[in-house]
Amino acid sequence: MNLQETLELHVKAAVKALFESELESVEFQATRREFAGDITVVVFPMLRVIKGNPAVIGEQVGQYLLDNVDLVKGFNVVKGFLNIEISDAYYINFFQQIKDDESYGFSEVKDDKAVMVEYSSPNTNKPLHLGHVRNVLLGYSVAEILKASGKKVYKTQIINDRGIHICKSMLAYQKFGNNEEPTAELKGDKLVGNYYVKFDQAYKAEISELMAQGQSEEEAKKNAPMLLEAQEMLIKWEAGDEDVVALWKKMNQWVYDGFDVTYKNIGVDFDTYYYESDTYLLGKEFVSEGLRTGVFFKKEDGSVWCDLTEDGLDEKIVLRSDGTAVYMTQDIGTAIQRIKDYPDVGGMVYTVGNEQDYHFKVLFLILKKLGFDWAKNLFHLSYGMVDLPSGKMKSREGTVVDADDLIQEMADTAEEISKDLGKLEDYSEEEKQELYKTIGLGALKYYILKVDPKKRILFDPKESIDFQGNTGPFIQYTYARIQSILRKADSAGSDIPSSEEVALHDKEKELIKQLELFPEVIQNAADQHSPALIANYTYDLVKEFNSFYQNVSILGADTEIEKSFRVALSRTVSHTIKNAFQVLGIEVPERM
RNA sequence: GGUGGCAUAGCUCAGCUGGAUAGAGCACCUGCCUUCUAAGCAGGCGGUCCUAGGUUCGAAUCCUAGUGCCAUCACCA
């Protein structure tokens, strides 16, 4: 039972004893800094049950608590706020309980149903850019947060490996490629992406030409030979044309190899992969099934639809009149396939941009209508777009911030700063490079994860990401500082005060209070699918620690017991930073 | 046009189920490194919480209407 729960019982008892009334709940908040006290009871809500002056009621309840509850050491009332001072013994005892727990904040798996988290889900015709980076970081972190909150988790993605967009890259490669192959300088995904751009250039040139010949823009766009050829290629692919399929396989493999490098760079992983080309057929099966059971209906032209008008939505197509699958068909198939493959999965999280809010609303509804009980546990982790000052990123026009480049730039910035500070003279070149990457990635990941997922991010490549203030490196730096102290504090502080006699320094007490919040923050972040809550918590913790560090001497404490206590406190803070950053997917360095 | 999201300091963002004088960082200005790592600490400057109503003892937070930006409403994905 935590402090708040304990106090709630006592406040209820106080109200019963003093006013013969029953409170349903008690409202608490942290005491504001300018007042004495550790936790505050808001008296106003009690007025519904008790009549009287809030200040007087606060006074009476406070006195009752002081007289009857050991851990209450004092109180004061300001307007309708009862500020309660808690004894140091409470905080010291609490700290005793958590100080040796290296996985503090994490829960054991307590749910027999697993959650599948999908993220990344790229098309295979171009490299990953900053938008994908947000997706990948969010999905990975939410998966880790869910694990930490006691869920079994599978990480997965759906790879959109077929369609007209891939044919465009393939066609341009056939025309202009000269059998170019990926090299160390040019990864496969980049190579394929280049041909996607080349397609677009050639296509646009043809459009201009046709328009010069007198066609309207609309006509020209439809009639351009490049597009016609790409469409022809798609038909050939679906017909299983050997040459086309061979090229498709070759180029897709280049892209997968390129993606793997990027994922490894970012530091994310997947437990399973799904390919659109594998799952759309299962989707079609269930469309037939739904047609039989009346979930769907067929129009005269043969296309199949789902009528969602009673749910306040429109009719949605699930199969084209020519019998081919649409996006929705495939997503129905993929969802069902996943549950078949992993029967312990009880719910899924889809990390996909908010431009697809409607799609997922419909998908979930259709799956419910098809009668799957797990359909009620589907969640669209919808996040805002990452935009540039110039607007949307467009791969075709080359206005994207490339993921690999960005990671490299961040590491370069970290290197510059580190060199200026010159604290790593005795590190080997290899160790240094590794550290620069840790710091650079830390800056990037924190920058993206600290903002509420549903808000859009405006990223200005000209203004580099900060390394000071509310940033990843600031937090990493604090961690490194603590490690430095721990290295110097020869005998680890296992000998910490247990008596009520020790007076806690204000900064020490604030730190313990902050530590106390961590498990709840993890649960909240899991419930809300929000890494931002973890990031903001960690920042507060670290700020508190730095203030402690600058104002209180740890290794130079007056007594041995004080020194041990402060070392132990620092160590626990560093565990907590490490654990918080682990679920954000950010590494912490021993030095920096 | 219908639907959904967002709007807080010059900039980037917090603000939990409504609670005290709305908080951080960056930028700008002051101090602090012979003492545990100054990527730090201590402090200053800076606000019509988009607007107008409403509910409430109390609203940045909830409701209604409006404004602005974004997305979506395809036999595209």
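Throughout, a chain's letter reflects where its sequence line sits, starting with A, and its residues are numbered from 1.
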Taking side-chain contact (heavy atoms from CB on, under 4.5 Å) as the test, write out the residues that go with [X], two or more places apart.
X      : value
A/S464 : none
A/E355 : A/M385, A/K392
A/K437 : A/N265, A/L441
A/E34  : A/R32

Pick base, sugar-phosphate or nothing for [X], based on heavy-atom distances below 4.0 Å to the nucleic acid.
X      : answer
A/A480 : base
A/P54  : nothing
A/M592 : base
A/R48  : base
A/F44  : base
A/V78  : base
A/T478 : nothing
A/K423 : base
A/V542 : nothing
A/D322 : nothing

Note to self: Under a 3.5 Å cutoff, is there a donor and acceptor pairing between the side chains of A/Y446 and A/N470?
What the structure shows: yes
Donor-acceptor contacts under 3.5 Å from residues 277-284 of chain A side chains, at least two apart:
residue, atom, partner, partner atom, Å
A/S277, OG, A/D161, OD1, 3.4
A/S277, OG, A/D161, OD2, 2.6
A/T279, OG1, A/T334, OG1, 2.9
A/K284, NZ, A/G323, O, 3.2

Tell me if the centroids of the rings in [X] and [Y] come within less than 6.0 Å of each other.
X      : Y      : answer
A/Y119 : A/Y383 : no
A/F81  : A/F44  : yes
A/Y196 : A/F199 : no

Notebook entry, point to check: Is B/rC33 in the syn or the anti form, by the rule that syn lies within 90° of 0?
Noted result: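 The base of B/rC33 is oriented syn (glycosidic angle within 90° of 0).
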Please answer whether [N] and [X] are stacked, defined here as ring centres separated by less than 5.5 Å and planes angled under 30°.
X      : N      : value
A/F474 : B/rA39 : no
A/F35  : B/rA20 : yes
A/Y549 : B/rG40 : no

Item checked: Contact list for residues 529-539 of chain A, test side chain to side chain donor-acceptor pair (under 3.5 Å), sequence neighbours left out ->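 Matches after skipping sequence neighbours: none remain.
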Could one point to a donor on the side chain of [X] or the base of [N] with an acceptor on the other under 3.5 Å away?
X      : N      : value
A/S547 : B/rA42 : no
A/D420 : B/rA39 : no
A/Q476 : B/rA39 : no
A/T40  : B/rA20 : yes

Check: What do the steps show when you test A/N551 against A/H505 for side chain to side chain donor-acceptor pair (under 3.5 Å), and what is the final call?
Finding: CA-CA 10 Å; A/N551 287 289; A/H505 190 285; over 6 Å; no
Next item on the list: Tell me which of A/N524 and A/I417 sits closer to the 5' end of RNA chain B, going by the nucleotide each one is nearest to.
Entry: A/N524
Notebook entry, point to check: What parts of residues 311-320 of chain A reach RNA chain B, counting only heavy atoms under 4.0 Å away?
Noted result: A/D314, A/I317, A/R320
Using the 3.5 Å cut-off, write out each protein N or O paired with an N or O of nucleotides 4-12 of chain B and the distance between them.
residue, atom, partner, partner atom, Å
B/rA7, OP1, A/K455, NZ, 3.0

Next item on the list: Would you please confirm or rule out a distance under 4.0 Å between OP1 or OP2 of B/rU37 and any side-chain N or O of A/R487?
Entry: no
Check: Can you say whether the rings of A/Y327 and A/H359 are parallel (under 30°), tilted (30 to 60°) or perpendicular (over 60°)?
Finding: parallel
Margin query: So that I can compare with my own list, what are the stems of RNA chain B, taken as at least three consecutive Watson-Crick or G-U pairs with distances under 3.5 Å?
Written below: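 Ordered by first number, the stems with RNA chain B (at least 3 consecutive pairs each) read B:1-7 with B:67-73, B:10-13 with B:23-26, B:28-32 with B:40-44, B:50-54 with B:62-66.
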Next item on the list: Name all residues meeting the salt bridge (Lys or Arg N to Asp or Glu O under 4.0 Å) criterion together with A/E85; count only those two or more places apart in sequence or in a different chain, and write none if there are none.
Entry: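 Scan of A/E85 (salt bridge (Lys or Arg N to Asp or Glu O under 4.0 Å), adjacent residues dropped) gives none.
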Margin query: Under the rule for salt bridge (Lys or Arg N to Asp or Glu O under 4.0 Å), what residues qualify as partners of A/D189, not counting sequence neighbours?
Written below: A/K187
Grab the N/O contacts between the protein and nucleotides 25-34 of chain B below 3.5 Å, and write none if there aren't any.
residue, atom, partner, partner atom, Å
B/rG25, O2', A/N470, N, 3.3

Checklist line | Pairwise C1' distance for B/rA52 and B/rA60, with rounding to whole Å | finding: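 Pairwise C1' distance, B/rA52 against B/rA60, rounds to 16 Å.
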